[in-house]
Amino acid sequence: QVQLVESGGELVQPGGSLRLSCAASGRTFGGNAMGWFRQAPGKEREFVACINWSGATTYYADSVKGRFTISRDNAKNTVYLRMNSLKPEDTAVYYCAARRSVYNSRSDHEYDYWGQGTQVTVSS
């Protein structure tokens, strides 16, 4: 089992920045690929970014490419999502997820553990 706890979500103005954190506990964190997903009201959950076990390979949704950066610190059992140039359409609950695999994936169906989510609201 891997337990995940997200933090860092808050209200921010358009153009602003946030850094989300996801702290993992339980089984070895370094063996898990990690992902960030988001769900806006009335919409399905969508892929945002993912990272493999070492941090060497990352993928991003087209909508966030160039603005968001995923990273991880295996010594701290934590994965991060740095979000810059935030837009109102980035407003959503952001979820951290872990796979029982070292390889990252864009598909939420391939993730085995999920956090409870953290709310990000982008509004003036």
Return yes if some donor-acceptor pair links the side-chain N/O of [X] with the main-chain N/O of [Y] below 3.5 Å, else return no.
| X | Y | answer |
| --- | --- | --- |
| N74 | W53 | yes |
| S21 | S7 | no |
| N104 | T57 | yes |
| E6 | C96 | yes |
| T118 | G9 | yes |
| T78 | K76 | yes |

Would L11 and S123 count as a side-chain contact (heavy atoms from CB on, under 4.5 Å) if you check the C-alpha gap in whole Å, the side-chain angles of each, and the deciding distance to 0.1 Å? CA-CA 7 Å; L11 172 64; S123 175; 4.1 Å; yes
Spatial distance of atom [atom1] ([X]) from atom [atom2] ([Y]) [nearest 0.5 Å]:
| X | Y | atom1 | atom2 | result |
| --- | --- | --- | --- | --- |
| Y60 | T69 | OH | OG1 | 4.5 Å |
| R100 | N32 | CZ | CG | 9.5 Å |
| I51 | Y80 | CD1 | OH | 11.5 Å |
| R19 | L81 | CZ | CG | 10.5 Å |
| Q119 | T121 | CD | OG1 | 4.0 Å |

Are the aromatic ring centres of Y95 and F37 under 6.0 angstrom apart? no
Using the ring centroid of each side chain, check whether F68 and W36 are separated by less than 6.0 Å.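 Ring-ring flag for F68/W36: false, centres at least 6.0 Å apart.
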Polar contact flag, side-chain donor to acceptor under 3.5 angstrom, [X]-[Y]:
| X | Y | result |
| --- | --- | --- |
| S17 | N84 | yes |
| R99 | Y111 | no |
| E110 | S105 | yes |

Closest heavy-atom contact between [X] and [Y]?
| X | Y | answer |
| --- | --- | --- |
| W114 | D108 | CZ2-O, 3.5 Å |
| V2 | A24 | CG1-CB, 4.2 Å |
| R72 | G55 | CD-N, 4.0 Å |
| P14 | S124 | CD-N, 3.7 Å |

Residues in side-chain hydrogen bond (donor to acceptor under 3.5 Å, both in side chains) contact with S54, at least two apart in sequence or another chain: N52
I'd like to know if [Y] and [X] are part of one continuous hydrophobic network [Ile/Leu/Val/Met/Phe/Trp/Tyr, side-chain heavy atoms within less than 4.5 Å].
| X | Y | value |
| --- | --- | --- |
| V48 | V120 | yes |
| L20 | L86 | yes |
| Y113 | I70 | yes |

Verify the neighbour count for atom CD of E44: are there more than 12 heavy atoms of other residues, nucleotides or ligands below 6.0 Å? no
Residue from R106, R38, Q39 passing side-chain hydrogen bond (donor to acceptor under 3.5 Å, both in side chains) with E46: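 The residue from R106, R38, Q39 that satisfies side-chain hydrogen bond (donor to acceptor under 3.5 Å, both in side chains) with E46 turns out to be R38.
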With salt bridge (charged side-chain N to carboxylate O under 4.0 Å, His left out) as the test, would you mind laying out the steps for D90 and K87 before giving the verdict? CA-CA 5 Å; D90 294 318; K87 305 175 182 180; over 6 Å; no
Measuring only between side-chain heavy atoms, which start at C-beta, is S25 closer than 4.5 Å to N77? no
Considering only heavy atoms from C-beta outward, does the side chain of R67 approach that of M83 to under 4.5 Å?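 No, their side chains stay 4.5 Å or more apart.
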